[in-house]
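For reference, the structure discussed in these notes is given below.
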There are 2 protein chains.
Amino acid sequence: MDPMSAPEVATTADRITVAMAELMRRQGYAATGVAELARTAGAPTGSIYHHFPEGKRGVAAAAMRTTGAAYIQLVPLLLDAHADLPTGIEAAFATAADTMESTGWATMCPVAVVAAEIADTEPELRAVAAEVIGGWLDDGGSYLVGRGLTAADARTLIHALLAALEGAFLLARSLRSQEPLIAAGRSLAVFARALLDAAARQPA
Amino acid sequence: MDPMSAPEVATTADRITVAMAELMRRQGYAATGVAELARTAGAPTGSIYHHFPEGKRGVAAAAMRTTGAAYIQLVPLLLDAHADLPTGIEAAFATAADTMESTGWATMCPVAVVAAEIADTEPELRAVAAEVIGGWLDDGGSYLVGRGLTAADARTLIHALLAALEGAFLLARSLRSQEPLIAAGRSLAVFARALLDAAARQPA
DNA sequence: GTCTATAACAGGATAGAC
DNA sequence: GTCTATCCTGTTATAGAC
């Protein structure tokens, strides 16, 4: 708040949120304990319940929302670099594959890990996951419209793209192989090109 | 063993394995307790450790392998019905979407749920996941070669297909929407058709 | 707003009677 | 091979001093 204050370390609440996102990405929601979270964030357990009265569940919700906001910024960052959209998509998947391997196959999206775990058991967190994923679909779809796709095609493509990305992350992490991400990238590049070509052929 | 014995109920070990697969699919590995598993399987906790000396981890490994064997049988079952491969792929995704909605969005692959959770924390289970997924890729790839794809194309397609399927399951479950599965099915049908067309054009 | 101590309970695993 | 009782450790959450 004070413009004079140095950037310092992030606030305690921020450190807790970031630590939770990191732990969830690595081991999921259920396996992450509050004590471990406190240790990782460098805060006593009491601070967690002070900043997040809803406890572990509240921290998880905040971590998912923060992750969601951070990830959506990557879309233009990765795809604007290529004038040809299909080429950009394929390159983005390749970048993801490299990043994953260089981080020891740990860099998976925490929202996806948690979403799989809690969809049937934690209604509030499932709603948060749906909200975050829905935001990705909306924003990603808008971006694709800007790249020349019709609204309907953009919606189809962003659904297929996000599904392929999350699924390929999951397979790559278990197999410790770039192959799923590379194959998914090729597949989506072909699909994107087909949609663009069809739209160009009948601009009704 | 005794050919005269009625089919009866499955053996205790089988009931435990099946119950574990069902619980893991719904809530993951970490959130599934041994007491809950015993209750679901209709067996005392002692029996679990009698049949699976490695405990919860051993039951999970058995459940993943059993699931893997069951799922791979679905491939010819779903795809042989259509003479045109891309059409068959799209129909299979649509069937998965219907099944999922009619079961209250709970029917996700337990291997995928667990794989996401334990990739960094349970090395033995990660290896089992890799073994099961690797089997799907091998068998699915062989099937696709039988449907007219080159070995390299089959490998690419089965990777892209499995990634899209697991990812779409994950999104569909969180969003409670068929849309990810339908979009992924369309995307893979287009990709499969492109691979088949390219192979037909240059049968070098 | 920070931190310690602890309450209240559930976790996985084991021992041993039957 | 089945089942019960129990051990020990870890869990989430809270109370209350500072």
Side-chain angles (χ1 to χ4, degrees), chain A residues 1-2 5-6 8-21 23-24 26-64 114 117-118 120-125 128, chain B residues 1-2 5-6 8-24 26-64 113-114 117-118 120-125 128:
Chain A
M1 286 298 202
D2 177 3
S5 65
E8 308 194 3
V9 218
T11 69
T12 301
D14 282 347
R15 289 204 321 277
I16 294 169
T17 305
V18 169
M20 187 65 172
L23 289 171
M24 288 199 304
R26 293 211 137 91
Q27 57 195 23
Y29 175 76
T32 298
V34 175
E36 183 183 17
L37 171 62
R39 232 185 308 118
T40 307
T45 72
S47 289
I48 292 175
Y49 289 93
H50 173 76
H51 292 285
F52 299 91
E54 291 175 53
K56 177 177 163 177
R57 188 178 293 118
V59 181
M64 290 168 84
V114 173
E117 258 189 290
I118 52 74
D120 285 343
T121 54
E122 295 278 350
E124 296 173 29
L125 290 183
V128 174
Chain B
M1 287 295 202
D2 176 5
S5 66
E8 309 191 6
V9 216
T11 68
T12 301
D14 283 347
R15 288 204 320 277
I16 293 169
T17 304
V18 169
M20 187 65 174
E22 193 57 32
L23 289 170
M24 288 197 305
R26 294 210 137 93
Q27 57 195 25
Y29 175 76
T32 297
V34 175
E36 184 182 17
L37 172 61
R39 230 184 310 116
T40 308
T45 73
S47 289
I48 291 174
Y49 289 92
H50 173 77
H51 292 287
F52 300 90
E54 292 175 53
K56 178 177 164 178
R57 188 178 293 118
V59 181
M64 289 168 84
V113 176
V114 173
E117 259 189 288
I118 52 75
D120 286 341
T121 53
E122 296 277 350
E124 297 174 28
L125 290 183
V128 174

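Here is the naming used below: chain letters follow the sequence lines, and residue numbers restart at 1 for every chain.
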note = What residues 55-63 of chain B contributes to the DNA chain D interface at heavy-atom separation below 4.0 Å is none
inquiry  = Just to verify, what does B:Ala63 make a side chain to side chain contact (heavy atoms under 4.5 Å, CB included) with, not counting sequence neighbours?
reply    = B:Thr17, B:Met20, B:Ala21, B:Met24
Exercise answer: donor-acceptor pairs, residues 27-44 of chain A side-chain atoms, under 3.5 Å, sequence neighbours excluded:
| unit_1 | atom_1 | unit_2 | atom_2 | d |
| --- | --- | --- | --- | --- |
| A:Gln27 | NE2 | A:Thr32 | OG1 | 3.2 |
| A:Gln27 | NE2 | A:Glu36 | OE1 | 2.9 |
| A:Gln27 | NE2 | A:Glu36 | OE2 | 3.2 |
| A:Thr32 | OG1 | A:Gly28 | O | 2.7 |
| A:Thr40 | OG1 | A:Glu36 | O | 2.8 |

inquiry  = At a heavy-atom distance below 4.0 Å, what parts of residues 29-45 of chain B sit against DNA chain D?
reply    = B:Pro44, B:Thr45
task = Could you tell me which residues satisfy side-chain hydrogen bond (donor to acceptor under 3.5 Å, both in side chains) with A:Glu122, sequence neighbours excluded, listed by chain and number?
result = A:Arg57
For residues 47-55 of chain A, run the donor-acceptor check on the side chains, cut-off 3.5 Å, and write out each pair with its distance to 0.1 Å, sequence neighbours left out.
none

inquiry  = Under 4.0 Å, heavy atom to any atom of DNA chain D: which of residues 47-54 of chain B qualify?
reply    = B:Ser47, B:His50, B:His51
key: Range on DNA chain C touched by chain A, heavy atoms, distance below 4.0 Å   = C:dG1 to C:dA5
message = Going by salt bridge (charged side-chain N to carboxylate O under 4.0 Å, His left out), name the residues that satisfy it together with A:Asp14, two or more places apart in sequence or in a different chain.
response = none
